[in-house]
Number of protein chains: 2
Amino acid sequence: MTRGTLPRRFTAGPSVVTIGPGLLDRAGELLPSPSGRYVLVTSAGPRGAARAVRENLASKVFCEIEIDDREEAKTLATVERIADLALAAGIRRDDALVAVGGGVVSDVAGFAAAILLRGISWSAVPTTTGAMADAAIGGKTGVDHREGKNLLGSFHPPAAVVMDPASLEGLPEREYRAGLVEAFKAAWIADAPLARRAEETLLGILARDEESLLELLGGAAAVKGEIVSADLRESDRRRLLNFGHTLGHAFEAAGGYRDLRHGEAVAWGIAAAVDLSRTRAALPGEDAERIVRTLARLGPFPPPPTDPGRLRPYLERDKKATAKGLAGVLLDRVGAARVEEGVPIESWLDAAARVSIP
Amino acid sequence: MTRGTLPRRFTAGPSVVTIGPGLLDRAGELLPSPSGRYVLVTSAGPRGAARAVRENLASKVFCEIEIDDREEAKTLATVERIADLALAAGIRRDDALVAVGGGVVSDVAGFAAAILLRGISWSAVPTTTGAMADAAIGGKTGVDHREGKNLLGSFHPPAAVVMDPASLEGLPEREYRAGLVEAFKAAWIADAPLARRAEETLLGILARDEESLLELLGGAAAVKGEIVSADLRESDRRRLLNFGHTLGHAFEAAGGYRDLRHGEAVAWGIAAAVDLSRTRAALPGEDAERIVRTLARLGPFPPPPTDPGRLRPYLERDKKATAKGLAGVLLDRVGAARVEEGVPIESWLDAAARVSIP
């Protein structure tokens, strides 16, 4: 993708995704609201994107809500707070909610939009690499529960997703890199040319070169958009997006959602899934090495908890666990993932125990 | 409908509705669960139906939750309690929830099913006339908020609705009659022959004669099923079901959800909408009198709060209020309802002030 093709626009199920520079200043045009009125949900932290959207929407914003965007605040109580304030401000069914922030903000605010008046329109303006590549797209919204991550939620796709590289200004390096893991994940499961090109331009991407970065993020978002368009619920192909997430979620949960960022936990989960793909799928050694090498360049990441006793409970209560067992996503080669049903929990635990990103 | 045609079976959107005697003893066959496991949500009060379902499902029930079924308990906190207990019991995505109870139970438990693991299958076994005619059908789930009724919720239709007259055993007379208002409402908006027949057999219905009662409840549920099948969300024809509910909800809310049962408030709302239909629609005087006479036979109902100052705030924040105003459902004749957009709030308040069921 060259700069000449920007802004790039595509659909992800019912969502219209637009990616390119300068979009924040076109918020009023790009963010739909049936009534023309908005509830704006933002977070503490870098506020540039929120300020730009706020200024562009101007008096059409009738309610502004700032929420805590740490994983600890991804709770039903935060959803309730958004609902309380929006209802007290007189929200109507044809108003829209706009979430400006990272994955926690879009997950929580999108869930609030899903249950307010039994569902109002919403849009996402992601401000992290992780939210651009993954969280803002596909309609999964939700919150954590003391029993595990994302256990309460809704499928409620945003009407629009607006991705402007200016939204990433001020994003700490650690979050920037962790989010890129999700972008590479999308390439590895379904787009070999994108993976190859992003691996080649990784130095530029890490230096926040706009063209290389937008190529990767746009490509990753398009992969996710294509998959979720085919299958909004998690019954079939969408499960491919869980590559690296089975152990990733367990690593994250066992670390109390403090020790590892989501993307970092997924990086370790991908490394373990690559290991399993060597023995339980056809993944060539060369492809496995490419992936792990790229993860190493995106890191280093804090080590995950690998004690089987700590991980097992989280695997056993995985949302994707059914009476059949715990399905896993494996790679046959870069760009070709598949779901393997009923991978034994022992195999996951073994892979976790020997995981490494050298 | 004669006894020979029972059980009657029809669809309401994605829901399969079965109505007839003896169904409680076939719960395991009629209530689907992908995994074969169930969470059972019941309420205090008459427990016959819950006991019968429990015995029939036997060891397939892995979690039993009793909730308060008063309107005051129709809160997000009750939904959270169901979610907490189901998650602690290890609920999986292919498990199903079964709600045995009145409208509050199906609204709250259905909403819990909607957000647990981003949506699990559920079924309803209604135990009140109101839930059989209305609440259990159509997929609207939700809870009240201090700003108003049903302000948080989800569209999440049950897989099955099982209606057995035995479920009504022990239902207090006041609830029995209040629920019949919703059944007549369905007939009045869309099924003139059903309305005529139910008016003729009203003595038998009030005496709980099974055949007359099932004819009315089955007919009402079929009307609702037909409407929601065409239009799952509230964008068009489904709004006809709100006949009597614009003022009904305001009466109920202004009374603090204590003074009037939902069906009683709707009865007053219907009387007011009939009044409006005489001047703003083509409703003949004869049809208006038939409806009000039937409401009188279903009553007497406690008087509603009619002070405009108390009612106005609730009308202004009605979920169905848009920038255009507050749409109303009016009758052109028995069996023929239509939506009139933007009925002024003053007109609603005037109709409320002179409402009467002589």
Query raised in the report: Within residues 73-82 of chain A, which positions have a heavy-atom distance to chain B below 4.5 Å?
Result: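 Only Leu76(A), Glu80(A) of residues 73-82 of chain A have a heavy atom under 4.5 Å from chain B.
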Determine, for [X] against [Y], whether the closest basic-nitrogen to carboxylate-oxygen distance falls under 4.0 angstrom.
X: Glu316(A); Y: Arg92(B); value: no
X: Glu71(B); Y: Lys149(B); value: yes
X: Arg37(A); Y: Asp94(A); value: no

Judged by atom type as modelled, is there a donor-acceptor pair below 3.5 Å linking the side chain of [X] to the main-chain atoms of [Y]?
X: Arg118(A); Y: Thr141(B); answer: yes
X: Trp122(B); Y: Ser106(B); answer: no
X: His262(B); Y: His249(B); answer: no

Query raised in the report: With respect to chain B, which residue among Ala83(A), Ala88(A), Ala114(A) yields the maximal number of heavy-atom pairs within a distance under 4.5 Å?
Result: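 Max contact count across the listed options: Ala88(A).
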Query - Side-chain donor-acceptor contact under 3.5 Å, His245(B) with Glu252(B) - result: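 Result is no, nothing qualifies.
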Query raised in the report: Of the backbone (N, CA, C, O) and the side chain (C-beta and beyond), which part of Arg146(A) lies under 4.5 Å from a heavy atom of chain B, both, or neither?
Result: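 Side chain only.
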Report task. Please state whether the side chain, the backbone, both or neither of Asp95(A) comes within less than 4.5 Å of a heavy atom of chain B. Result ->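 Contact with chain B is absent: no heavy atom of Asp95(A) under 4.5 Å.
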